[in-house]
Protein chains: 2
Amino acid sequence: MTAEIIDGKAFAARVRGQVAEQVARLKADHGITPGLAVVLVGEDPASQVYVRSKGKQTVEVGMNSFEHKLPADVSRYDLFALIDRLNADPAVNGILVQFPVPDHLSEAEIVARIDPAKDVDGLHIENAGLLASGQKAMVSCTPLGCLMMLRDRLGDLSGLDAVVIGRSNLVGKPMAQLLLRDSCTVTVAHSRTRDLPGVVRRADIVVAAVGRPRFVPGDWIKPGATVIDVGINRLPHEEDGGKGKLVGDVDFDSAVRVAGAITPVPGGVGPMTIACLLANTLTATCRVNGLDEPEGLTA
Amino acid sequence: MTAEIIDGKAFAARVRGQVAEQVARLKADHGITPGLAVVLVGEDPASQVYVRSKGKQTVEVGMNSFEHKLPADVSRYDLFALIDRLNADPAVNGILVQFPVPDHLSEAEIVARIDPAKDVDGLHIENAGLLASGQKAMVSCTPLGCLMMLRDRLGDLSGLDAVVIGRSNLVGKPMAQLLLRDSCTVTVAHSRTRDLPGVVRRADIVVAAVGRPRFVPGDWIKPGATVIDVGINRLPHEEDGGKGKLVGDVDFDSAVRVAGAITPVPGGVGPMTIACLLANTLTATCRVNGLDEPEGLTA
């Protein structure tokens, strides 16, 4: 048996297509164009690439993209003044400050300053609280993308045994909340878990988010399970003939022979992140305007 | 084998003793007396009894107790004005509005109005978010009490398999967060769980919070497990010769023969609630004054 390989690139393109369709309808029916503001502090090359890519995709789905570039030594005061302006600006429905920021700024303070309703990264404590209590929240993009893929593959998740490996605030914990909301029986496993192979072997759904290359071997996977690999680990050059290859938290080559479906790395969960950011911006726009949530694009 | 029966009354008295000791130290060292404000709307007899009991225990541990009784037809405006005054009052460290409130008032709105730092019931969305992201929160009293009992019985919980049956915002979900924070491998099971007996049988720690009388039989319990029964169900009179006996979510008579330790109903988790409310009020007082957290009384 060989697993279906879930094509994250194609899936993300489909999500962007759905977003574009609903943005067009918003414009036509209500004269509303969603807007996403991205704030970049300093000149980190990787961040610049990422911000450019976000801006491009934002415009492609028909939204307004607002880019704010601040010098690396911008004061906390000036950054907060900008966030306050974006919070107050009705043309801005989503605000994202690109991390990491220089050391003199606090990411926690920045997140706390953003209006939770515009927090399209789903990082604000209020959104964590809304998610934890089963209310409408902005959900962080990576777990939202994983959920979309799982629903697409499995339909109704109710009653399935799901194991989330890793308990980070960014992925593991919100992922567990989302699976619980969809009525899975959810187990959160982590570095202190005693019999991790045994725990994983019980699962119909495995979400690996530990950040350790090829940590989950195929013989931990229950035959037919759906495996979502959130890890993106760059192998040391020595191990890989100098290329520094990207691998996931799951040992793909052995897992693909056991699982029912699996996301590859790269090309699995990764491409979903920006697509979900756009979906969240659309959701935020609908909510602030008292319109129905965009179908199929929310938790 | 017969389980140790965890005496919740004695445990709660011990917690109140610890609170009283630390309150006395706060007074002596810093001239600070913690204050708990309880707001009662209307004249529900059960609520009156409960509020009286809270007031009495608050004074017994050396704290100030402030009781505010409002008529059943109090306006939302007047209730909020009171909450705002309590939020602003430095003598008040904890605020509790006794639920249920009359139908014209919204419990969600009331909770949202309370300063999260004074939300000693741990109901505010911000506290849910802080808990969900592993930060210092006000934790709702029942799960906090369960955690204290588990730590007392088991010491370090790290690596233990814990199953929480039930996913309510008040008990199941915060309980799961607390167990995860203490590094248990945590499974949340619920009405949609397919093989509940199998899931429960794996657990070193079982927390039952489903609200169904004697729902968990002894043969679901792993020998030696610690069983915390949060349920308080009154049996219909017919089934019980007219007394309307209180029973838990666990079938005590069969479970006590298998478990290593178990809380009875009544006299288990129940008595811990007010003790934890007092502990939370002390914690809130320490935090707002920039003092160390009270030892052994927080999550």
Side-chain angles (χ1 to χ4, degrees), chain A residues 108 111-112 116 119 122-138 140 156-196 198-200 202-204, chain B residues 108 111-112 116 119 122-138 140 156-196 198-200 202-204:
Chain A
V111 167
D119 166 39
L123 299 176
H124 196 285
I125 224 59
E126 187 173 312
N127 281 316
L130 290 168
L131 179 63
S133 47
Q135 296 179 66
K136 281 183 187 179
M138 282 286 128
S140 97
D156 184 7
L157 308 183
S158 174
L160 296 177
D161 284 308
V163 168
V164 178
I165 316 174
R167 49 175 164 167
S168 70
N169 289 337
L170 212 59
V171 182
K173 287 187 197 164
M175 190 74 240
Q177 299 281 3
L178 291 172
L179 292 166
L180 188 59
R181 183 188 284 208
D182 269 23
S183 294
C184 293
T185 302
V186 181
T187 300
V188 182
H190 44 78
S191 55
R192 301 299 184 86
T193 293
R194 283 184 186 163
D195 176 22
L196 191 54
V199 169
V200 176
R202 298 194 296 252
D204 306 304
Chain B
V111 167
D119 166 40
L123 300 176
H124 196 287
I125 225 58
E126 187 173 313
N127 281 316
L130 290 167
L131 179 62
S133 48
Q135 296 178 66
K136 281 183 187 179
M138 281 286 130
S140 99
D156 184 5
L157 307 183
S158 175
L160 295 177
D161 283 308
V163 168
V164 178
I165 316 175
R167 49 173 165 169
S168 70
N169 289 336
L170 212 60
V171 182
K173 286 187 196 163
M175 190 74 240
Q177 299 282 4
L178 290 173
L179 292 166
L180 188 59
R181 183 187 284 210
D182 268 23
S183 294
C184 293
T185 302
V186 181
T187 299
V188 181
H190 45 78
S191 55
R192 301 299 185 84
T193 294
R194 283 184 185 162
D195 175 22
L196 191 54
V199 170
V200 176
R202 298 194 297 250
D204 306 304

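To find a chain, count down the sequence lines: A is the first, B the second, and so on, and within it residues start at 1.
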Can you see which heavy atom on E126(A) is nearest to which on I125(B), and at what distance? CG-CG2, 3.7 Å
Note: G134(A) and K173(B) closest approach over all heavy atoms is N-NZ, 3.7 Å
For the residue pair A132(B) and A132(A), what are the closest heavy atoms and their distance? CB-CB, 4.0 Å
From CZ (R192(B)) to CG (D182(A)), nearest 0.5 Å: 10.0 Å
Among C184(A), A189(A), P174(A), which has the most heavy-atom pairs under 4.5 Å with chain B? C184(A)
Residues R194(A) and L160(B): closest non-hydrogen pair is NH1-CD2, 3.4 Å
Using a 4.5 angstrom heavy-atom cutoff, name the option from N169(B), D195(B), L170(B), V199(B) with the most pairs to chain A. N169(B)
Name the member of D161(A), T193(A), V163(A), L131(A) that forms the most heavy-atom pairs with chain B at distances under 4.5 Å. T193(A)
Distance col, row S133(A):OG vs H124(B):NE2, nearest 0.5 angstrom, shows 11.0 Å
For R167(A) against R181(B), the heavy-atom pair lying closest together: NH1-O, 4.4 Å
When only pairs under 4.5 Å are counted, which of L196(A), V188(A), L130(A), N127(A) shares the most heavy-atom pairs with chain B? V188(A)
